[in-house]
A.B. asks: 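Following this message is one structure expressed as C-alpha cells.
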Amino acid sequence: MSTSFWLDRSRDSETRAYDAIIVGAGISGLSTAYWLNKEDPSLKIAIIEKSRLAFGASGRNAGFITCGSVEHFNRMINKHGLEQATEIWRFAQENLRLLKEEIIQDRAADLQFEQNGAYSLAAQENEFNELKNVAQTMANLNIRTEIFNAEEVKKHAGATNFVGGIKYLDDASVNPVQLVKRIASRVKADLHEGVEAFGIAEGADGMRILKTDAGEFEAPMILMNLNGYSAVLHPWFKDKVYPTRGQCLMMEAVPRFMDAPCYANFYLDYFRQVPSGELLIGGFRQVEKESEVGYSDHITEPIQNALHEFVVTHLPQFKNAKVTHRWSGVMGFARDGEPMVGSIPDDPQVFFAGGYTAHGIGLAFHTTKCLVDVIFGRDVPKWLSARRF
Ligand SMILES: Cc1cc2nc3c(=O)[nH]c(=O)nc-3n(C[C@H](O)[C@H](O)[C@H](O)COP(=O)(O)OP(=O)(O)OC[C@H]3O[C@@H](n4cnc5c(N)ncnc54)[C@H](O)[C@@H]3O)c2cc1C
C-alpha cells in the first residue's frame, strides 16, 4: 500500500503509545485482546482495523463452530497420525467449551448460538463408506457421532439426493458478527477503526512502531491477527498463509425444517438454515480454484450458479425462494492446513495468530489463548507452533 501526501493523516498526529498493539479486528484480534486482558488487566491495548469490526472473514462466514479440521477425520489421521489428529480435534472441542464458558454464557439466544451438531453428507457411496469408517474411528475415541441413511438425512436435515451421512453431535453454530461483538463487549482496549497499517519498524528503546495511514503507534509488542491479509503487512507469511476467497449465497426464509448445519462433498460445500429460516450456502471453490485466490471480495458467476444448482438438487424447499444476498470473504489458508501462533523469526516482538484455513470460528478463540501463552513464555502444542515451518 502507498499513501499520497494529501491523504497522509500521520502528519497531523502524535505517536500513540501502548503496551500491545493488535492489528485486525476480527474474531482473532478481539479474542487476543480478551486473553491479554485476562493475563494482565493493566495492559494498555490498541486494536488497529482498516475497516470496521468483523469486516473481514469474521463477518462473512457461515457461522459453523466445527470440531476438528478441514478434512474427514480418517484423512487427518493419514496426514498427522492418530495421536496428533486426536489432539487437533480435542483442541477444537476445547475452543467451543471456552467460547461457551467465557463468551456465550447466558447469551445463546442473542448470539443465535445453537449446539445441535452438524452433518457431513455424502452424495456418493464412496464418501458414505468413508464417513462410516470415520464414525467407527471416532467411537473408539469416545467422540460422539451418529450414522444417518438417505431417508434419515431427508427427515432430519431435509436434504435430498444424498446416500447418507454422519452427524457430529457436539458441533454448534452462531451468528458470527454477534459473536465478535459480544467478545468486543468483554474487552478493554482502544479500537481504532478505519486505520490501515502498512509497516512495522524498530523504534527507540526496543519499541516497535506500527506505521498506519493515521500516524504511528508504538508498543513493545505488535500482534498480527490478519489471517488472510497477513502477507500484506509482513512478507514472512507469503509462503505460509495464502489469501483464499470463499463465496456464499443466502435465500429468503422458509419455515424451519433443518435440524442442524450440513457439510457436503468432503467438507468443500456447506449449508445451514439460520434460526430465522433463511438458507445460507457456501463453498464450490473447486469450480474455479485457480481464480479463488487474492484479496478481492468480488463474487463470480460460475460459483454462484453452482451454489444455486446445489440448492435445486438437494433442497427442494428453497426451489422457489428468492436469493437475498451474495458475498465473498478472504480466508487465510495455511500451508499445511492448520492454524499457527508464534513470533516472526527475525523479530521476536512481532507475534501473530492465523492460518485458520476456513475454520477460524471453530479455532480462533483457543488459538489466541495459545498466542498469549507464547507471549508469556509458555509452551503450546507443536502442531500449532509456527516453529514447525
Ligand atoms: C465465506 C466464508 C465462510 C466461512 N465459514 C466458516 C465457518 O462456517 N466456520 C468457521 O470456523 N470459519 C469459517 N470461515 C473462516 C473464518 O471466517 C475465518 O477463519 C475467521 O473469521 C478469521 O478471523 P480473523 O480475525 O483471523 O481474520 P479476519 O476476520 O479476516 O480479520 C482480519 C481483519 O484485519 C483487517 N485488516 C486487513 N488488513 C489490514 C491492515 N493492513 N491494517 C489494519 N487492518 C487490516 C481486516 O479488515 C479484517 O477485519 C469462513 C470464511 C469465509 C470467507
Side-chain angles (χ1 to χ4, degrees), residues 1 21-33 46-70 92 95-96 99 118 171-177 179-180 183 191-200 210-214 217 222-234 241 243-250 261-263 267 269-272 280-285 292 295 297 299 303 307 326-334 339-340 352-365 367-368 371:
M1 201 206 92
I21 300 168
I22 292 170
V23 195
I27 188 165
S28 187
L30 269 298
S31 302
T32 299
I47 305 176
I48 307 299
E49 165 56 49
K50 76 168 176 187
S51 183
R52 59 188 154 95
L53 191 73
F55 195 72
S58 297
R60 298 158 186 260
N61 63 76
F64 287 56
I65 310 183
T66 311
C67 296
S69 184
V70 288
N95 187 82
L96 177 53
L99 271 179
D171 282 15
S173 54
V174 73
N175 175 325
V177 172
L179 178 66
V180 176
I183 303 173
L191 174 60
H192 298 268
E193 293 176 302
V195 176
E196 184 162 5
F198 57 82
I200 297 172
L210 183 75
K211 296 181 176 239
T212 79
D213 62 354
F217 292 75
I222 291 178
L223 283 58
M224 292 177 53
N225 289 89
L226 292 169
N227 200 36
Y229 306 93
S230 300
V232 173
L233 191 58
H234 203 295
V241 182
T244 308
R245 188 167 46 235
Q247 299 192 33
C248 287
L249 177 154
M250 195 96 181
C262 304
Y263 285 99
Y267 275 115
D269 311 324
Y270 47 87
F271 54 96
R272 60 180 281 226
L280 185 162
I281 171 165
F284 283 91
R285 287 188 47 250
E292 290 297 279
Y295 300 103
D297 69 352
I299 54 168
I303 291 183
L307 290 169
R326 300 178 190 271
W327 72 89
S328 75
V330 177
M331 306 175 281
F333 274 34
M340 63 187 82
F352 56 84
Y356 296 113
T357 315
H359 281 69
I361 305 302
L363 293 168
F365 197 58
T367 301
T368 52
L371 171 62

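FYI, side chains are in, hydrogens and waters are out, and symmetry mates aren't considered; it's all heavy atoms of this structure. For ligands, and for the atoms within them, numbers begin at 1 and follow the listed sequence.
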A.B. asks: Determine yes or no for a side-chain-to-main-chain donor-acceptor pair under 3.5 angstrom, with E193 supplying the side chain and L53 the backbone.
C.D. replies: yes
A.B. asks: Could you establish whether A358 and ligand 1 come within less than 4.0 Å of each other, counting only heavy atoms on the residue side?
C.D. replies: yes
A.B. asks: Side chain or backbone, does Y229 bring an N or O within less than 3.5 Å of an N or O on ligand 1?
C.D. replies: no
A.B. asks: Quiz question: by atom type and distance under 3.5 Å, do the side chains of Y356 and S28 form a donor-acceptor pair?
C.D. replies: yes
A.B. asks: As a check for students: among G360, G199, A54, C248, identify the option with a heavy atom nearest to atom 16 (C) of ligand 1.
C.D. replies: G360
A.B. asks: Give a yes/no verdict on whether any heavy atom in L226 is under 4.0 Å from an atom of ligand 1.
C.D. replies: yes
A.B. asks: Considering R60, E193, R245, M331, which one's heavy-atom position lies nearest to atom 1 (C) of ligand 1?
C.D. replies: R60
A.B. asks: With sequence neighbours left out, write down each residue that passes salt bridge (charged side-chain N to carboxylate O under 4.0 Å, His left out) with R285, or none if nothing qualifies.
C.D. replies: none
A.B. asks: How far is atom 50 (C) of ligand 1 from the closest protein heavy atom, and which atom is that?
C.D. replies: N61 CB, 3.2 Å
A.B. asks: Quick one: does N225 get within less than 4.0 Å of ligand 1, heavy atoms only?
C.D. replies: yes
A.B. asks: Considering only heavy atoms of V23, which atoms of ligand 1 have at least one such atom less than 4.0 Å away?
C.D. replies: 42 (N), 43 (C)
A.B. asks: For atom 44 (N) of ligand 1, which protein heavy atom lies nearest, and how many Å away is it?
C.D. replies: K50 N, 3.1 Å
A.B. asks: Examine R245 relative to Y295 and say whether NZ or CZ is less than 6.0 Å from the centre of the six-membered ring and inside a 45° cone about the ring axis.
C.D. replies: no
A.B. asks: On a heavy-atom basis, I'd like to know which of L280, T368, I361 is closest to atom 11 (O) of ligand 1.
C.D. replies: I361
A.B. asks: Would I27 count as being in polar contact with ligand 1, using the rule that some N or O on each side must be under 3.5 angstrom apart?
C.D. replies: yes
A.B. asks: Considering the heavy atoms of E196, write down every atom of ligand 1 situated less than 4.0 Å from one of them.
C.D. replies: 41 (N), 42 (N)
A.B. asks: Say whether T66 and Y267, considering side chains only, have a donor N or O and an acceptor N or O under 3.5 Å apart.
C.D. replies: no
A.B. asks: Would you check whether T66 reaches within less than 4.0 Å of ligand 1, judged by its heavy atoms?
C.D. replies: no
A.B. asks: Just let me know how L233 lines up against ligand 1, side chain, backbone, both or neither, with a heavy-atom cut-off below 4.0 Å.
C.D. replies: neither
A.B. asks: Keeping R60 on the side-chain end and S328 on the backbone end, is there a donor-acceptor pair under 3.5 Å?
C.D. replies: yes
A.B. asks: Looking at ligand 1, does G354 have a heavy atom less than 4.0 Å from it?
C.D. replies: no
A.B. asks: For ligand 1, which atoms sit closer than 4.0 Å to a heavy atom of Y270?
C.D. replies: 1 (C), 2 (C), 3 (C)
A.B. asks: Mind checking what makes side-chain contact (heavy atoms from CB on, under 4.5 Å) contact with A358, not counting sequence neighbours?
C.D. replies: M331, F333
A.B. asks: What distance separates T367 OG1 from H359 NE2, expressed to the nearest 0.5 Å?
C.D. replies: 12.0 Å
A.B. asks: Would you say ligand 1 has an N or O under 3.5 Å from any N or O of A197?
C.D. replies: yes
A.B. asks: Which atoms from ligand 1 have a heavy atom of V195 less than 4.0 Å away?
C.D. replies: 43 (C)
A.B. asks: Out of G332, S58, G283, indicate the one that has the non-hydrogen atom closest to atom 23 (O) of ligand 1.
C.D. replies: S58
A.B. asks: Consider ligand 1: state whether an atom of it lies below 4.0 angstrom from any non-hydrogen atom of T357.
C.D. replies: no
A.B. asks: Before we go on, tell me: are the rings of F352 and H234 under 6.0 Å apart, centre to centre?
C.D. replies: no
A.B. asks: Measure the distances from the heavy atoms of F198 to every atom of ligand 1 and state whether one is below 4.0 angstrom.
C.D. replies: no
A.B. asks: Please could you name the atoms of ligand 1 that G246 approaches to less than 4.0 Å, counting only its heavy atoms?
C.D. replies: 1 (C)
A.B. asks: Between Y356 and ligand 1, which part of the residue brings a heavy atom under 4.0 Å of the ligand: side chain, backbone, both or neither?
C.D. replies: side chain
A.B. asks: What I want to know is whether E49 and ligand 1 share at least one N or O pair that is separated by under 3.5 angstrom.
C.D. replies: yes
A.B. asks: Between V330 and ligand 1, does any nitrogen or oxygen pair lie at a separation below 3.5 Å?
C.D. replies: no
